[in-house]
Amino acid sequence: VLYLNPIHLAYTNHKYDALDYLKVSPEFGTREDVKALAQNVHQRKMKLVLDGVFNHMGHNSDKFKEASASPTSPYRNWFYFGKEFAGGARAWALAQSLPELNLENPRVREYVYAGHDSAVRSYLRDGVDGWRLDVAPDIGFAFLGELTRAAHAQKPGSLVVGEIANYPKEWFPAVDAVMNFNVREIILQTAAGKIDAATAGRMMSRVVEEAGIEPILKSWMMLDNHDTARITTTLPDTRQRQLAQVLQFSLPGSPNLYYGSEVGMTGGDDPEMRAPMRWDLVNDNNTELKWTRKLINLRKQNRALRIGNFRLVTANQLLAFERYTDRVEDSVFVIANPGTKDVTETVLLANSKLMNGGAMINVFDTASRPIFINSSLLTISVPSGGYVILKPDVKGSGGYTPYKRVQ
């Protein structure tokens, strides 16, 4: 999936202060260019998702300027005016340049998502495959649900992702998925040693159990984006950063990469994290790029990491979990040690199809000696800040495998 920040006509370079949702900012192109891009992306067997900033517009928009100038303007009820608001109109997060839309007004909803020619529906007809919704919680459950249903009606299978940092459970099915800030924060604090392994496991397990595996699989698993410091700056320690990235690519969700982070771009708070792409870092000798490609291949080559369910491996000092399907050969076990000391621990693998005495192979080090299961228990050593990714060896050796009748 290619996800773009806002491309609609807007006043600033970041485009979160829309002037007109139905027009494209001229430095990006036109609606015809959107159609061409969608077609090109589809030829690559990819999808295209746009950023919808539908909670507020920019104070430079013609609609808001007209509404501000005249109480009799047809756009007056598109916004909230009153003496109780600083600047005379309700603004998102008190930012006067971002007046909030009155979504309670049916005409506003027609313009945004309900009407045939609305922003949501018309871009989907242009070939776009989904929407990421800015500040989605501010839109609320009811209107998010209406928007998502409108998108699905226009284009079955389209995706609506909410920028929701809240606990995700009750935001489904108002949206199809969330930008999973909740799990992102668990990952970052665990990798930095601020949350212990056992607590992190319980947190992640609860999120999946309560929100449901399907919405979480669709949700975007990111470690940084245009509103956060880049991962290389947040976790400058390579071991901590790689541990976080292993979790990003192995926990349930859809890994989302912010441009440049795959090559090690640094950047602190706004505006540092929004710096232009460092094309000079894009080369085959870049260790960060090699590492990112390794993680991408790990996910592509292991079905369970893409669509599998999730369950904890019973452990105490280690963060351990299994991604699994109905086929034992798909199972992937991730065992990480975010602590400051090396750990040797016996853990419980609660998968009835794992054969006693069966070998477990290290995915990232296939030449290493296998570890053997002892009545569903596994004794394993993991260095401080390290991780091990294991799969059951269902092929066996010498013409024999205990999995001959177990799949």
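Counting begins at 1 with the first residue of the sequence.
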>> Nearest 0.5 Å, please: how far is CG in Asp129 from NZ in Lys155?
In response: 4.0 Å
>> Can you see whether Tyr111 has Lys63 sitting over its ring - NZ or CZ less than 6.0 Å from the centre and within 45° of the normal?
In response: yes
> In this structure, are over 12 heavy atoms from other groups packed under 6.0 Å from Lys300 atom NZ?
Replying inline: no
> Looking at the rings of Trp131 and Tyr123, which for Trp means the six-membered one, are their centres under 6.0 Å apart?
Replying inline: yes
> Residues in side-chain contact (heavy atoms from CB on, under 4.5 Å) with Gln189, at least two apart?
Replying inline: Glu185, Lys194, Ile195
>> One pair to check against salt bridge (charged side-chain N to carboxylate O under 4.0 Å, His left out): Asp284 and Arg293. What are the steps and the verdict?
In response: CA-CA 10 Å; Asp284 291 337; Arg293 287 171 171 166; 3.1 Å; yes
> Under the criterion ring-ring contact (aromatic ring centres under 6.0 Å, His included), which of Tyr21, Tyr16, Trp92 is the partner of Phe54?
Replying inline: Tyr21
> Looking only at heavy atoms, which two atoms of Ala315 and Val347 are closest? And how far apart?
Replying inline: CB-CG1, 3.6 Å
> Taking side chain as C-beta onward, heavy atoms only, is Asp62 less than 4.5 Å from Lys65?
Replying inline: yes
>> Applying side chain to side chain donor-acceptor pair (under 3.5 Å) to Arg230 and Thr266, what does each step give before you reach the verdict?
In response: CA-CA 6 Å; Arg230 289 184 177 274; Thr266 57; over 6 Å; no
> If you round to the nearest 0.5 Å, how far is CG of Leu305 from CZ of Arg323?
Replying inline: 6.0 Å
> If you count the non-hydrogen atoms of other residues, nucleotides and ligands that lie under 6.0 Å from CZ in Arg206, is the total more than 12?
Replying inline: no
> What's the spacing between Gln301 CD and Ile296 CD1 if we round to 0.5 Å?
Replying inline: 11.5 Å
> Taking the side chain as C-beta and beyond, is there a heavy-atom pair between Met273 and Thr228 under 4.5 Å?
Replying inline: no
> Should Arg241 and Glu288 count as an ion pair when the cut-off is N to O under 4.0 Å?
Replying inline: yes
>> Give me each pair satisfying ring pair (Phe, Tyr, Trp, His ring centres under 6.0 Å) with a member in residues 317-350, each pair once, sequence neighbours excluded.
In response: Phe310-Phe321
>> Is it true that, when you exclude Glu84 itself, more than 12 heavy atoms of the residues, nucleotides or ligands shown sit nearer than 6.0 Å to its CD?
In response: yes
> Would you call Arg107-Glu110 a salt bridge at under 4.0 Å N-O?
Replying inline: no
> Considering residues at least two apart in sequence or located in another chain, which fulfil the salt bridge (charged side-chain N to carboxylate O under 4.0 Å, His left out) criterion with Arg125?
Replying inline: Asp117
> Taking only residues two or more places apart in sequence, or in another chain, which ones meet Asp134 in a salt bridge (charged side-chain N to carboxylate O under 4.0 Å, His left out)?
Replying inline: Arg132
> Is the number of heavy atoms from other residues, nucleotides or ligands under 6.0 Å of Glu209 CD greater than 12?
Replying inline: no
>> Is the distance from the ring center of Phe64 to that of Trp78 below 6.0 Å?
In response: no
> Is Trp220 close to Leu159 at the side-chain level, that is, under 4.5 Å between some pair of heavy atoms?
Replying inline: yes
> If you draw the axis of the six-membered ring of Phe28, does the NZ or CZ of Lys15 fall within 45° of it and under 6.0 Å from the ring centre?
Replying inline: yes
>> To the nearest 0.5 Å, what is the distance between CG on Asp237 and OG1 on Thr234?
In response: 13.0 Å
> Can you list every pair that meets ring pair (Phe, Tyr, Trp, His ring centres under 6.0 Å) and has a residue in residues 384-407, with sequence neighbours left out?
Replying inline: none
> CG/Asp224 to CG/Asn256 distance, rounded to the nearest 0.5 angstrom?
Replying inline: 9.0 Å
> Just how far is it from atom CG of Leu101 to atom OG of Ser61, taken to the nearest 0.5 Å?
Replying inline: 8.0 Å
> Looking only at heavy atoms, which two atoms of Asn302 and Leu298 are closest? And how far apart?
Replying inline: ND2-O, 2.8 Å
>> Can you tell whether the side chains of Asp227 and Arg274 come within less than 4.0 Å, N to carboxylate O?
In response: yes
>> Once salt bridge (charged side-chain N to carboxylate O under 4.0 Å, His left out) is applied, what residue pairs with a partner in residues 304-313 remain, sequence neighbours excluded?
In response: Arg311-Glu322
